Amino acid sequence: MSAGVDGLSTSGSTAFHDGERSLGRLVSAATADLSSLVHDEIALAKAEIRQDVKRGVAGGASLAVAGVVALAAIPMLSFAAAYGIHALGITLGWSFLIVGGAYLVLAALLGLLAMRSFKKVEKPQRTIEGAKATADVLRKARPRPATEQEKRAVLER
């Protein structure tokens with residue numbers, strides 16, 4: 001048997017030289033390698049996500065602790081401000097009243113900012129339009145009549 005240019009037998013048989021693999025085996029090996037690569041990529045993505053989630057949880061916990069500490073500092077700072085105002089010569093009662101009034105002014109300003117933000121909130125127009133369009137399509141949808149082949153297939157079961 002004489003070998004052709006591509007290494008295949010010219011007599012039409014499927015005999016190969018030593019070390020050559022069939023196309024099916026090459027495709028099978030490539031598919032297995034690709035599958036392995038995909039599985040490895042998925043495992044890497046899971047590991048990276050797990051690491052990011054752990055960092056996020058740690059950051060969230062640190063932020064929560066910082067919030068609690070800041071909240072605990074508010075009364076101390078309030079007393080310090082009241083006594084500082086008292087040191088300026090204003091009676092202690094008025095000093096505490098000034099500090100309390102400052103908190104009320106701050107709360108009012110934050111409330112106004114919140115109201116302004118709430119007024120900017122709009123209906124999700126695209127979502128509503130999409131839902132209405134879907135509802136219209138479903139309302140107008142009619143089942144198509146079964147073909148003769150489909151009817152015979154059901155009867156043969």
Side-chain angles (χ1 to χ4, degrees), residues 1-81 99-157:
M1 286 198 276
S2 64
V5 175
D6 58 1
L8 296 175
S9 169
T10 57
S11 66
S13 71
T14 57
F16 295 96
H17 296 292
D18 290 339
E20 293 182 359
R21 295 192 285 179
S22 70
L23 181 60
R25 287 183 182 169
L26 289 172
V27 169
S28 175
T31 302
D33 289 344
L34 184 61
S35 176
S36 175
L37 179 64
V38 168
H39 287 295
D40 291 345
E41 288 293 330
I42 290 172
L44 177 62
K46 284 181 180 179
E48 287 177 343
I49 289 171
R50 257 189 233 109
Q51 187 177 17
D52 288 342
V53 167
K54 286 179 184 177
R55 287 179 183 153
V57 168
S62 297
L63 186 62
V65 169
V68 168
V69 169
L71 193 60
I74 289 175
M76 289 184 270
L77 294 173
S78 299
F79 276 98
V99 172
Y103 279 124
L104 289 177
V105 169
L106 179 64
L109 289 174
L110 291 173
L112 289 174
L113 287 175
M115 291 302 292
R116 183 185 292 174
S117 295
F118 286 141
K119 286 181 181 178
K120 290 181 182 178
V121 174
E122 298 175 356
K123 295 180 198 174
Q125 290 295 345
R126 288 184 284 174
T127 302
I128 292 170
E129 290 170 5
K132 285 181 181 178
T134 301
D136 288 342
V137 167
L138 292 176
R139 223 179 274 121
K140 295 175 185 175
R142 302 284 181 247
R144 66 171 176 76
T147 63
E148 292 299 320
Q149 285 180 326
E150 292 170 337
K151 290 177 185 176
R152 276 187 246 123
V154 170
L155 293 175
E156 289 175 2
R157 290 184 194 169

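The model shown is predicted, which means the values in this text are computed figures rather than measured ones. Values reported hereafter were calculated over all heavy atoms of this structure, with side chains retained and with hydrogens, waters and symmetry mates removed.
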Would you give me the side-chain donor-acceptor pairs under 3.5 Å for residues 104-122, sequence neighbours excluded?
| unit_1 | atom_1 | unit_2 | atom_2 | d |
| --- | --- | --- | --- | --- |
| S117 | OG | L113 | O | 3.1 |

Nearest 0.5 Å please: distance from the CG atom of L34 over to the NE2 atom of H39.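 Between L34 CG and H39 NE2, I get 9.5 Å after rounding to 0.5 Å.
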Nearest 0.5 angstrom please: L37 CG to E41 CD, how far?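 Reported to 0.5 Å precision, the distance equals 5.5 Å.
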Holding to salt bridge (Lys or Arg N to Asp or Glu O under 4.0 Å), I want the full list of residues that pass it with R55, two or more places apart in sequence or in another chain.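 Listed in chain order: D52.
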Non-neighbouring partners of E156 that pass salt bridge (Lys or Arg N to Asp or Glu O under 4.0 Å), sequence neighbours left out: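 Not a single residue meets the salt bridge (Lys or Arg N to Asp or Glu O under 4.0 Å) criterion with E156.
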Determine which pairs satisfy side chain to side chain donor-acceptor pair (under 3.5 Å) with at least one residue from residues 58-75, sequence neighbours left out, and list them in order.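 Residue pairs passing side chain to side chain donor-acceptor pair (under 3.5 Å), neighbours aside: none found.
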List, one per line, each side-chain donor-acceptor pair under 3.5 Å for residues 125-135, sequence neighbours excluded.
| unit_1 | atom_1 | unit_2 | atom_2 | d |
| --- | --- | --- | --- | --- |
| T134 | OG1 | G130 | O | 2.9 |

Residues forming a side-chain contact (heavy atoms from CB on, under 4.5 Å) with S78, sequence neighbours excluded: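 S78 satisfies side-chain contact (heavy atoms from CB on, under 4.5 Å) with I74, V99, Y103 only.
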Report the C-alpha distance between E148 and K151 in whole Å, list the side-chain angles of each, state the deciding distance to 0.1 Å, and finish with yes or no for side chain to side chain contact (heavy atoms under 4.5 Å, CB included). CA-CA 5 Å; E148 292 299 320; K151 290 177 185 176; 3.7 Å; yes
